[in-house]
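On a predicted model such as this, the values are computed, not experimentally measured, just so you know. Side chains included, hydrogens not; waters and symmetry mates left out as well; all remaining heavy atoms used. Below, chain A is the first sequence line, B the second, and so on; all start at residue 1.
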Amino acid sequence: MEKSLVEVRKITTDSELVEGIRQGNESAYTAFVTRYKDQVARTVLGMLGNTPEADDVGQETFIRFFQAINDFRGDAQVGTYLTRIAINLSLNELKKRKRSVSLFSRNDGNTDREWEIADDGDERRRDSSEIIQYGLQKLDPKHRQIVILRMVEGYSTKETAEILELPVGTVLSRLARAQAMLKRNIGDLI
Amino acid sequence: MKAEKMRELLIRSFDQKLKPEEHESLEMGLLAYDWLREERDQYLKIRETAARSTFSFARGFENRVMEGLAKAKLIPANGEWNQALNRWFGRVAMAGAAAIVVLLLNAALNSKTVSVDELTGAGALSEEVALTYLLYEN
């Protein structure tokens with residue numbers, strides 16, 4: 001008999017949830033999204049800013065995961081697998097955004113269109129997450145993704161390198177550069 | 001040691017283990033220079049803020065994902081509603097059937113018979129009254 005949503009939420013292991021999803025248990029789908037939506041939000045909203053496309057990319061991340069669930073063998077953690085999908089979809093979205101920006105020549109491709117923290121000395125106190133968001137949007141995507149995985153999500157440098165399929169040395173050098181840029185851009189706001 | 005080298009050691013120290021001599025140089029630098037200590041504190045603050053930052057999707061995200069799944073035909077549309085309906089219909093039907101049985105038993109016990117007349121309440125009427133009802137009361 002199919003488990004209800006309340007029963008499914010009591011399930012603690014990811015593998016039981018994944019099994020429930022494989023069996024088509026709709027409550028397992030919902031419980032899975034509830035469990036991982038904040039993690040996906042940190043990655044996607046960090047990469048894309050608080051934009052309508054970010055919500056779409058978040059949804060698409062889960063849909064892609066569910067579509068590929070029969071291929072998921074459990075070698076990677078579910079969260080890591082989702083993060084990898086979220087990063088790749090976000091990068092695709094940024095490419096799309098860049099193409100449309102260059103097509104219409106609206107601006108020079110700067111991605112901070114959603115962020116209005118003034119650089120002219122406006123020292124209004126802001127929510128720290130907003131400041132980090134602002135700082136992230138000032139970074140180029142290749143540095144931004146590393147800051148999100150290492151500093152926001154809390155993955156180790158080795159895990160970050162594995163997710164992004166980059167050498168650890170590259171992750172470390174980009175991380176160092178990204179931190180220096182963050183300090184320059186938001187050091188005084190924190 | 002040059003300031004740039006100190007900065008580089010400082011930033012690297014957050015994410016990787018420094019060689020013993022590098023570690024020692026950094027420790028000495030931190031003892032000697034105010035600006036380096038200030039920079040370290042600023043970096044630590046940024047990292048702490050990043051680690052505790054919270055980003056969330058707008059309310060109803062789960063529903064939007066489920067709608068997307070239905071569109072992608074991974075789950076049937078309104079499947080959750082149908083499942084809930086199926087689950088609850090059985091329970092409601094069972095309760096209704098139980099109530100009917102209790103009423104029938106009650107009627108049978110009161111009239112000491114299980115005839116249709118008694119169950120419909122017609123058994124208590126005389127023939128004339130029953131005819132009057134049938135002919136004139138709609």
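Here OG of Ser173(A) is found 10.5 Å from CD of Glu8(B). Values are rounded to the nearest 0.5 Å. The structure places OG1 of Thr49(B) at 7.0 Å from CD1 of Ile186(A), a figure rounded to the nearest 0.5 Å. Put simply, CD1 on Ile11(B) and CG on Leu172(A) are 12.0 Å apart, with the number rounded to the nearest 0.5 Å.
Residue contact with chain A, scored on non-hydrogen atoms closer than 4.5 Å, is absent for Arg12(B). Heavy-atom distances place both the backbone and the side chain of Ala51(B) under 4.5 Å from chain A. Of the atoms belonging to Val147(A), not a single heavy atom falls under 4.5 Å from chain B. Heavy atoms of Gln39(A) lying under 4.5 Å from chain B are absent altogether. Both the backbone and the side chain of Ile63(A) come within less than 4.5 Å of a heavy atom in chain B.
For the residue pair Glu62(B) / Thr34(A), a side-chain donor-acceptor distance below 3.5 Å is found, with atom types taken as modelled.
Side-chain atoms of Asp15(B) and Arg150(A), non-hydrogen and from C-beta on, do get closer than 4.5 Å to each other. Within the 4.5 Å cutoff, the side chain of Ile46(B) has heavy atoms near those of the Met151(A) side chain.
Per-residue counts of heavy-atom pairs under 4.5 Å with chain B were compared for Ala54(A), Gly154(A), Gly58(A), Gly46(A); the largest is that of Gly58(A). Across Gln42(B), Arg52(B), Gln16(B), the residue that shares the most heavy-atom pairs under 4.5 angstrom with chain A is Gln42(B). For the set Ala50(B), Gly68(B), Ser53(B), the entry with the most heavy-atom pairs within less than 4.5 Å of chain A is Ala50(B). The candidate from Asp55(A), Thr157(A), Thr43(A) with the greatest count of non-hydrogen atom pairs under 4.5 Å with chain B is Asp55(A). For the options Glu39(B), Glu48(B), Glu67(B), heavy-atom pairs under 4.5 Å to chain A are most numerous at Glu39(B).
The 12-atom threshold is not exceeded at CD of Glu165(A), counting heavy atoms of other residues, nucleotides or ligands nearer than 6.0 Å. The environment of CZ in Arg177(A) is sparse: at most 12 heavy-atom neighbours from other residues, nucleotides or ligands sit within 6.0 Å. Heavy-atom contacts from other residues, nucleotides or ligands closer than 6.0 Å to CD of Gln67(A) number more than 12.
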Start with the C-alpha distance between Arg42(A) and Thr54(B), add both sets of side-chain angles, then the distance that settles side chain to side chain contact (heavy atoms under 4.5 Å, CB included), and finish with yes or no.
CA-CA 7 Å; Arg42(A) 282 195 296 274; Thr54(B) 51; over 6 Å; no

Side chain to side chain contact (heavy atoms under 4.5 Å, CB included) between Ile132(A) and Phe55(B), intermediate numbers included:
CA-CA 10 Å; Ile132(A) 289 294; Phe55(B) 304 144; 4.2 Å; yes

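Paired with Ser56(B) under the rule side-chain contact (heavy atoms from CB on, under 4.5 Å), one option of Asp38(A), Leu45(A), Asn50(A) passes, and it is Asp38(A).
When hydrophobic clusters are built by joining Ile, Leu, Val, Met, Phe, Trp and Tyr residues whose side-chain heavy atoms come closer than 4.5 Å, directly or via intermediates, Met181(A) is grouped together with Met47(A). Leu164(A) is not connected to Val168(A) by any chain of hydrophobic side-chain contacts under 4.5 Å among Ile, Leu, Val, Met, Phe, Trp and Tyr, and they are in different clusters. A single hydrophobic cluster is seen to contain both Leu26(B) and Leu44(B), as judged by linkage of ILVMFWY side chains at heavy-atom distances under 4.5 Å, directly or through other members. Follow the hydrophobic side-chain contacts under 4.5 Å out from Tyr33(B) and you reach Leu30(B) in the same cluster. Leu91(A) is connected to Leu166(A) through a chain of hydrophobic side-chain contacts under 4.5 Å among Ile, Leu, Val, Met, Phe, Trp and Tyr, so both are in one cluster.
Taking the ring axis of Phe57(B) as reference, the NZ or CZ atom of Lys37(A) does not stay both within 45° of it and closer than 6.0 Å to the ring centre.
Summarising the geometry of Met66(B) relative to Tyr29(A), their closest heavy-atom pair is CE-CB, 3.7 Å, with the distance given to 0.1 Å.
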